[in-house]
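A quick write-up on the structure given underneath.
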Amino acid sequence: MIEGLNKEQLEAVTTTEGPLLVIAGAGSGKTRVLTTRIAYLVSELGIDPSNILAITFTNKAAKEMQERVISLLGSSAYKIQISTFHSFGVSIIRDNYSLLGYKKNFTILDSDDSLLTIKRILKDLGYDPKQYNPKAVRNRISSAKNAMQSPDALSRFNACDFDEKVVEVYRVYQDKLVSNNSLDFDDLLLKPIELFKQNPDVLAEYQERFKYILIDEYQDTNEVQYRLTKMLSQKHKNICVVGDESQSIYAFRGANYRNILNFEKDYKKAKIILLEQNYRSTGNILNAANDVIKNNKQRKDKKLWTKNGIGDKIIYHKALNEKDEALYVTREINKLLGDGANLDDIVILYRANAQSRNVEEALLKESIPYKVIGSFYFYNRKEIKDLLAYLKLIYNSDDDISLLRVINSPKRGIGVKTIESLTSKSNNGHISLFEAIEDGKEKQFKDLILKLKTLVDNCSLTELVEAVLNETGLKKELQDEQSLEAEARLENLEEFKSITKNFEERNGIVSLSEFLEEISLVSDVEEHKDETNVVTLMTMHSAKGLEFKYVFVVGMEEGVFPHSRAFDSNDELEEERRLCYVAITRAKEKLWLVGAKRRVLFGQDNANPVSRFVKEISDEYLEKDEETSLFENRSKKSYNNSIDDTIEYKVGEKVMHTTFGEGIIVSVTNTVINVAFPHPIGIKTIMKGHKSIRKV
DNA sequence: TTTTCAAACCTTTTT
DNA sequence: GGTTTGAAAA
């Protein structure tokens with residue numbers, strides 16, 4: 001098990017007692033250390049797996065850690081609590097809901113739901129949403145919660161009129177959540193702390209249970225997470241935190257990388273181990289990363305090194321515009337594929353999700369299969385949100401937010417007037433909107449939900465979803481519409497059923513409560529599908545912890561990356577630089593940094609200078625390629641090869657695709673068409689005039 | 001109550 | 001550039 005570990009790694013694995021800080025540079029075998037340490041605790045020291053708690057930030061990281069521990073320990077690994085901070089929080093709340101004043105069937109609000117709630121509160125209080133931006137209010141409340149400030153505490157600090165209003169909204173918002181028997185993301189961590197403060201005996205039980213605690217990505221912990229782990233580890237003090245302040249990229253979410261720098265102060269006898277040997281990347285890639293990060297003032301001095309070869313130089317390519325930028329990337333990908341590379345080994349990283357569109361269009365043109373991680377396309381669709389709101393309301397009828405979402409969707413003739421009278425009734429009687437319903441059209445709605453409620457314990461999840469679709473009229477509304485867009489929405493609802501089916505198969509028969517919990521904590525539908533052998537597109541933030549042979553970073557321009565919002569703050573610029581460090585160190589073999597001379601942003605043509613991060617890399621490791629005019633000709637040629645832009649398309653026309661077969665066009669944009677193919681293929685986006693389709 | 005159309009708004013990054 | 005929001009008409 002411990003074979004092949006270097007001296008420092010071995011020390012990190014075997015130093016099991018007392019506080020331990022592992023500063024793990026990118027690619028230094030951090031996950032291997034964590035998983036081996038867990039296995040060592042269990043199989044060498046005979047620690048009961050249920051006494052171990054391992055916490056990560058993302059679902060992806062938790063899943064990977066669990067898989068690796070299972071491969072080391074077998075099925076006993078299932079008894080180890082490996083989870084994200086948020087799902088760990090939910091499990092504590094679930095086990096102690098009544099002590100916290102919640103009912104068993106609490107629901108979790110996503111950030112859209114909390115925004116809607118805040119909008120309604122602002123309106124109720126008579127404030128102009130133009131003067132008090134709801135998003136700003138939500139962010140302010142969220143950061144207060146992440147800093148563990150109650151409305152009272154916040155009111156003591158408030159300096160301006162805006163803050164005063166925030167405090168007011170904050171109070172109403174918290175009351176509303178409690179009366180709705182629901183929690184937002186921040187509550188998932190705050191409530192456990194509240195619980196432990198008020199019930200020392202409960203805390204003592206958890207402290208006793210989790211004798212060994214491991215925290216991954218410690219540099220990304222915020223105040224709440226920091227306090228929570230400190231409370232839990234107070235008794236046994238066997239806490240091992242792993243992190244790298246150079247990779248702290250979540251300050252906007254309240255993360256405080258000083259938590260890692262202060263670890264030695266918090267735990268007086270803490271041992272510190274530095275992992276600086278990198279096993280992932282070539283010498284050139286590491287040197288470039290070091291060149292960039294050394295421009296940050298606030299950091300622990302360390303330098304990654306490797307025994308790997310020097311490798312290829314990093315390529316910086318400046319394209320003419322954002323279209324050429326994307327085309328350049330596809331051309332390089334095609335070259336790689338020609339040399340026998342796998343699509344799985346290729347990733348394209350960008351600063352903001354909105355940047356994916358150009359790249360996607362180019363990939364479509366070249367018929368290169370890809371997947372986009374972390375863009376909430378699926379769960380953000382109206383029909384899916386409606387369906388989920390129905391499920392939430394069935395599960396927790398006090399959830400006013402979900403009720404308001406679906407009470408008149410599909411249309412039942414229940415309008416503003418009815419809602420107003422229900423709201424005042426619910427306010428006066430301190431009951432939920434659902435309970436306030438007594439008669440009228442809304443009574444029919446109430447009966448419908450009550451009827452569906454009886455199904456929860458008597459049928460499978462998929463059957464319940466089917467019943468909701470049929471009984472609420474959600475399906476009928478779309479079928480009656482007879483439009484192709486409605487057809488696409490129906491397809492999405494079908495897709496949702498395959499998600500519930502998948503969930504059932506994975507976990508056996510599952511309850512509505514477990515399903516809702518997972519859906520609220522897993523933002524990305526891709527985690528349910530396994531699309532393999534495709535190019536991956538994602539933000540640099542989502543890429544943390546991952547590695548790829550070939551990495552493309554696009555948008556290397558001032559204003560795009562570093563983002564213009566960071567210009568006026570040195571702290572934020574340092575955070576952007578850390579993000580750049582994360583992006584560079586994802587690459588194992590080859591790295592491309594790509595930017596555009598001109599770029600259309602907000603419909604405006606901008607000419608941004610090259611990103612300062614490119615300039616920070618010494619020419620020793622960098623190969624600059626600015627044959628922009630040449631490339632323009634080449635790109636035109638390749639464009640003409642596969643695209644015939646003379647063909648006109650109309651919605652409703654039939655087309656034949658070389659692999660998907662016959663389909664119907666459901667929508668047409670300037671560059672692409674969306675085509676509905678028979679189940680299970682579904683809706684596909686295809687370039688206009690692409691050689692793979694022809695009209696029939 | 002629902003539909004429609006023009007104006008406003010927007011773009012960090014995520015559990 | 002693209003979507004969401006608001007006011008006015010149906």
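Letters go in sequence order (proteins before strands), and every chain restarts at 1.
Nearest-nucleotide positions on DNA chain B place A/Gly413 closer to the 5' end than the other of A/Gly413 and A/Ser542. Mapping A/His86 and A/Lys411 onto DNA chain B via the closest heavy atom, the residue that lands nearer the 5' end is A/Lys411.
Summarising the geometry of A/Val292 relative to A/Phe613, their closest heavy-atom pair is CG2-O, 3.7 Å, with the distance given to 0.1 Å.
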Atom pairs, protein N/O to nucleotides 5-7 of chain C N/O, distance under 3.5 Å:
{"unit_1": "C/dT5", "atom_1": "OP1", "unit_2": "A/Lys119", "atom_2": "NZ", "d": "2.8"}

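A sub-4.0 Å separation between OP1 or OP2 of B/dT14 and a side-chain N or O of A/Asn353 is present. Regarding contacts with the backbone of B/dT14, every side-chain N or O of A/Lys544 stays at 4.0 angstrom or more from both OP1 and OP2.
Taking the six-membered ring for Trp, A/Tyr97 and A/Phe106 have ring centres at least 6.0 Å apart. For A/Tyr250 and A/His541, the gap between ring centers is short of 6.0 Å.
Rounded to whole angstrom, the span from the CG atom of A/Asn146 across to the P atom of B/dT13 amounts to 18 Å. Atom-to-atom, CG of A/Asn408 to P of B/dT1 comes out at 8 Å; the value is rounded to the nearest Å. Here the C1' atom of nucleotide B/dT15 and the CG atom of A/Leu189 are 8 Å apart, to the nearest Å. Taking atom CD on A/Gln247 and atom C1' on B/dT14, their separation rounds to 17 Å, with Å as the unit. Protein atom CG of A/Asn358 is 11 Å distant from nucleotide atom P of C/dG1, rounded to whole Å. Atom CG of A/Leu190 and atom P of B/dT15 are 18 Å apart (whole Å). Remark: C1' of B/dC10 and NE2 of A/His563 are 11 Å apart, rounded to the nearest angstrom. For the pair A/His541 NE2 and B/dT13 C1', the interatomic distance rounds to 4 Å; values are reported in whole Å.
A side-chain donor-acceptor contact under 3.5 Å links A/Arg578 to the backbone of A/Ser248. Remark: side-chain polar atoms of A/Asp110 are paired, donor with acceptor, to backbone N or O of A/Asp113 under 3.5 angstrom. Side-chain atoms of A/Asp400 come within 3.5 Å of backbone atoms of A/Leu433 as a donor-acceptor pair (strictly under, hydrogens ignored).
Counting non-hydrogen atoms under 4.0 angstrom, A/Asn133 reaches the backbone sugars and phosphates but no base. When heavy atoms are screened at a 4.0 angstrom cut-off, A/Lys441 is found touching no nucleic acid atom at all. Using a 4.0 Å heavy-atom criterion, one finds that A/Glu572 contacts the bases of the nucleic acid, with or without backbone contacts as well. Residue A/Phe85 is out of contact with every strand shown, counting any heavy-atom pair closer than 4.0 Å.
Closest to the A/Thr539 side chain, of the nucleotides B/dT1, B/dT11, B/dT13, is B/dT13. With B/dT11, B/dT15, B/dT13 as the candidates, the nucleotide lying closest to the side chain of A/Phe252 is B/dT13. Nearest nucleotide to the side chain of A/Thr418, out of B/dT11, B/dT15, B/dT1: B/dT1. The A/Lys417 side chain lies nearest to B/dT1 when the options are B/dT15, B/dT1, B/dT14. Set against B/dC10, B/dT13, B/dT11, the side chain of A/Ala352 has B/dT13 as its closest nucleotide.
Using cut-offs of 30° and 60° for the angle between ring planes, the A/Phe552 and A/Trp592 rings count as parallel.
Of the listed residues (A/Lys443, A/Lys425, A/Lys446), just one forms a salt bridge (charged side-chain N to carboxylate O under 4.0 Å, His left out) with A/Glu438, and that residue is A/Lys425. The only member of A/Asp399, A/Thr107, A/Asn105 that meets side-chain hydrogen bond (donor to acceptor under 3.5 Å, both in side chains) when paired with A/Asn181 is A/Asn105.
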Completion exercise
For DNA chain C, the dot-bracket notation using Watson-Crick and G-U wobble pairs below 3.5 Å, [ ] for pseudoknot-type crossings and | for other-strand pairs, is .|||||||||
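With a 4.5 Å cut-off on side-chain heavy atoms, A/Lys30 and A/Asp216 count as touching.
Between A/Glu547 and A/Arg586 there is no salt bridge, since no side-chain nitrogen of the basic residue lies less than 4.0 Å from a carboxylate oxygen of the acidic one.
With C1' as the reference atom, B/dT11 and C/dG6 are 22 Å apart, rounded to whole Å.
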